[in-house]
Number of protein chains: 2
Amino acid sequence: MNLRHLTFRLLEVYVTVVKTGSVTAAAQRLHLTQPTVSQQLKRLSESVGEPLLHHDRGGIELTEAGRELYRAALDVTGRFEDFGDYLAELGGGRRGRFSIALVNTAQYVLPRLLGPFSQAYPEVDLTVEIGNRQQVLERFERQLDDIYVFSHPPSLEHAAAARFLRNPLVMVAPESHPLAARASVHVNDILTERFLLREPGSATRMLFESWLQGQGVQLSGVLQMASNEAIRVAVASGMGLSVISRHVLPVAHPGLVVLPMQGFPIQSHWHFIVRRDRRLPHAALGFLEFVARSLESCLPPEYVCNEVEQLNKRLAELAH
Amino acid sequence: MNLRHLTFRLLEVYVTVVKTGSVTAAAQRLHLTQPTVSQQLKRLSESVGEPLLHHDRGGIELTEAGRELYRAALDVTGRFEDFGDYLAELGGGRRGRFSIALVNTAQYVLPRLLGPFSQAYPEVDLTVEIGNRQQVLERFERQLDDIYVFSHPPSLEHAAAARFLRNPLVMVAPESHPLAARASVHVNDILTERFLLREPGSATRMLFESWLQGQGVQLSGVLQMASNEAIRVAVASGMGLSVISRHVLPVAHPGLVVLPMQGFPIQSHWHFIVRRDRRLPHAALGFLEFVARSLESCLPPEYVCNEVEQLNKRLAELAH
DNA sequence: ATCTCGCATAGATAATTATCTATATATAGA
DNA sequence: TCTATATATAGATAATTATCTATGCGAGAT
């Protein structure tokens with residue numbers, strides 16, 4: 001028996017012949033000509049190395065080997081039908097897994113999308129990676145995840161991006177700070193203030209620094225802190241000023257004031273980023289589709305900026 | 001998912017890749033080059049319509065679909081291994097079925113071969129058809145059976161034959177018959193005797209008649225009887241003479257004498273006949289092989305005439 | 001005896017597969 | 001940064017497959 005060239009198609013033809021009990025009938029059902037089926041049978045028989053059937057006034061009669069092959073063929077095609085069903089579920093995005101990598105700040109927002117998604121698609125396994133901008137960027141380079149969320153997207157030709165949420169950066173000060181009472185604050189007012197900022201490379205810091213550069217000024221005292229939480233608490237307790245995403249602020253933020261800084265808030269956006277050179281799992285595509293239609297209901301509409309629909313269209317084109 | 005061109009070979013390659021965890025290693029094990037395997041994987045992935053694996057520092061990592069395909073592939077190849085085992089049994093002639101068609105007379109002899117064979121190969125299903133020469137000939141024409149046993153083989157170019165047993169035809173008379181006491185009987189002595197014979201077309205009758213023709217004589221009174229048994233009993237009870245196979249006579253045959261007829265016994269042989277245009281089931285080949293080596297021990301050696309060995313050789317050649 | 005039906009064979013062709021060698025690319029280690 | 005190892009891609013080719021049309025052939029039916 002030589003399985004080398006045995007195809008599922010051949011088994012399908014054989015099964016049809018046995019079921020219909022006639023070569024011609026099988027040919028019709030399969031939209032083939034009779035000689036084609038005849039020849040397939042011959043080839044199958046050669047593959048198996050045994051005669052499979054002979055003709056007996058009208059109907060066909062299976063040999064021992066033929067009967068056994070029929071059983072095996074049914075088992076095998078049935079098994080692959082199951083597999084097909086499974087794939088269909090995968091393909092519908094209803095099942096499977098994908099991973100998403102977030103920059104730190106985004107973890108204040110993304111759960112409001114991921115939560116409802118997981119409820120709607122309980123069969124999808126989801127991995128969330130969180131790191132600072134540098135770490136997520138590296139994951140992106142190494143193609144470790146399916147979807148990435150950046151505030152300041154890497155401008156690589158390998159990526160496709162969609163903005164989905166405005167991310168205004170505000171300047172915060174302790175309630176008791178002199179500037180807190182002002183109706184308006186100018187850049188010159190803050191030059192001597194101590195600032196608590198995330199590490200260099202963090203999007204928030206990069207944006208703030210480039211804003212400062214645009215204003216032609218430079219800060220004197222900067223204190224680096226690794227976490228947004230820590231910064232918030234530190235500012236509240238009077239250690240200095242900071243620039244943070246408005247989403248990081250709780251609705252009520254005791255001890256903190258948002259300064260009416262001129263030129264603020266700095267406008268930035270969160271983006272979904274996917275690699276264009278890698279095909280996304282259907283589950284990930286399913287997530288993006290879910291996002292496209294559920295953004296407004298999951299997040300404060302006034303911040304929403306839904307470009308995900310367009311991203312999905314582009315991805316659908318890329319699939320071809 | 002398109003199964004049309006999915007071969008078992010492809011699954012085998014895939015399984016090997018997953019098992020070894022490396023494309024190159026799989027290639028070596030399969031005696032292929034690395035690009036070949038690489039390309040096969042690609043094609044398989046296209047067939048399935050999903051990415052199956054990606055590479056992850058050193059090893060490979062399966063996707064959801066890949067994992068499921070691996071399971072399906074194992075099931076399926078395993079199922080066909082079973083089928084292969086079954087075929088091997090069939091192929092060894094240890095299992096399966098075949099049918100053999102006998103002319104009436106042969107049923108006195110063939111059980112002595114079929115019995116031991118069935119004991120030795122209990123998994124082989126055997127169908128024995130019995131009829132007169134005409135009926136068996138017809139079955140032969142219609143290719144209904146695998147092996148045929150004739151006394152006088154049909155001289156068709158589609159057949160291959162092997163003699164296996166001498167079949168002397170003797171002339172029998174009632175014990176009390178005047179000729180029974182004679183030391184020698186001449187053809188002229190029997191011209192007026194009444195003969196009990198099988199129907200025209202029966203081999204025994206044909207041979208006897210052609211013998212008579214050779215002697216230039218013709219019989220007057222012929223009484224036709226359909227069964228050898230009936231003839232034997234009828235002769236013993238004095239109804240006339242007959243010519244029958246010596247094998248039809250019991251070792252002790254009360255009431256009957258074999259006449260010392262000049263020119264008798266008529267020599268004939270039993271033959272195994274198979275069609276040359278039809279491939280025999282292995283079980284049938286197995287039977288013929290069994291016969292070739294067991295003839296002498298199953299049947300009286302003095303009658304044996306073993307040409308079955310040569311027949312088997314010819315059949316083995318035909319198989320190519 | 002002739003016709004029809006179902007199947008097999010022959011011959012043809014386009015597509016697909018199997019497989020190679022040579023080369024590019026990427027990742028990990030020195 | 002250079003090298004070695006593992007994969008992927010490209011290009012080529014022989015074999016195999018899929019499929020057709022046309023035709024032969026045997027068995028029942030008329």
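Treat the numbers as computed from the prediction; the structure is a model and nothing was measured. Only heavy atoms go into these numbers, but all of them, side chains included; no hydrogens, no water, no symmetry mates.
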(message) Rounded to whole Å, please give me the gap between CZ in A/F8 and C1' in C/dT17.
(response) 17 Å

(message) Heavy-atom nearest nucleotide on DNA chain C for A/L53 versus A/H5: which residue maps closer to 5'?
(response) A/L53

(request) Return no unless some side-chain N or O of A/S38 is found under 4.0 Å from OP1 or OP2 of C/dC7. (result) no

(message) For the backbone of A/A161 and the side chain of A/R314, can you confirm whether one donor and one acceptor N or O come within less than 3.5 Å of each other?
(response) yes

(request) Rounded to the nearest angstrom, tell me the gap between atom CD in A/E46 and atom C1' in D/dT16. (result) 12 Å

(message) Generate the contact string for nucleotides 19-25 of chain D. Rules: B means base contact, S means sugar-phosphate contact only, - means no protein heavy atom under 4.0 Å.
(response) BBBB---

(request) Spell out, as yes or no, whether a donor-acceptor pair under 3.5 Å connects the side chain of B/S45 to the backbone of B/E50. (result) yes

(request) Kindly indicate whether a cation-pi arrangement holds for B/R139 with B/Y148, taking the cut-offs as under 6.0 Å to the six-membered ring centre and within 45° of the axis. (result) no

(request) Identify which one of B/I130, B/T127, B/D145, B/V149 satisfies the side-chain contact (heavy atoms from CB on, under 4.5 Å) criterion when paired with B/I100. (result) B/V149

(request) Identify, residue by residue, the members of residues 10-18 of chain A with a heavy atom below 4.0 Å from DNA chain C, and return them in order of residue number, or none. (result) none

(message) Is the ring pair B/Y14/B/Y70 parallel, tilted or perpendicular, if the boundaries are 30 and 60 degrees?
(response) perpendicular

(request) With heavy atoms under 4.0 Å as the rule, sort A/T24 into base, sugar-phosphate or nothing. (result) sugar-phosphate

(message) Show the nearest heavy-atom pair for residues A/A203 and A/S151, with the distance to one decimal.
(response) CB-CB, 3.8 Å

(request) Measure from CG on A/N2 to C1' on D/dA15 and round the result to the nearest Å. (result) 14 Å

(message) Looking only at the side chain of B/V23 (C-beta and beyond, no hydrogens), which of the listed nucleotides D/dT16, C/dC7, D/dT7 gets closest?
(response) D/dT7

Under 3.5 Å, which donor-acceptor pairs do the side chains of residues 78-96 of chain A form with other protein atoms, sequence neighbours left out?
residue, atom, partner, partner atom, Å
A/R79, NE, B/D75, OD2, 2.6
A/R79, NH2, B/D75, OD2, 3.4
A/Y86, OH, B/E64, OE1, 3.0
A/E89, OE1, A/R95, NH1, 2.4

(message) Tell me whether the NZ or CZ atom of A/R4 lies within the 45° cone about the ring axis of B/F8 and under 6.0 Å from its centre.
(response) no

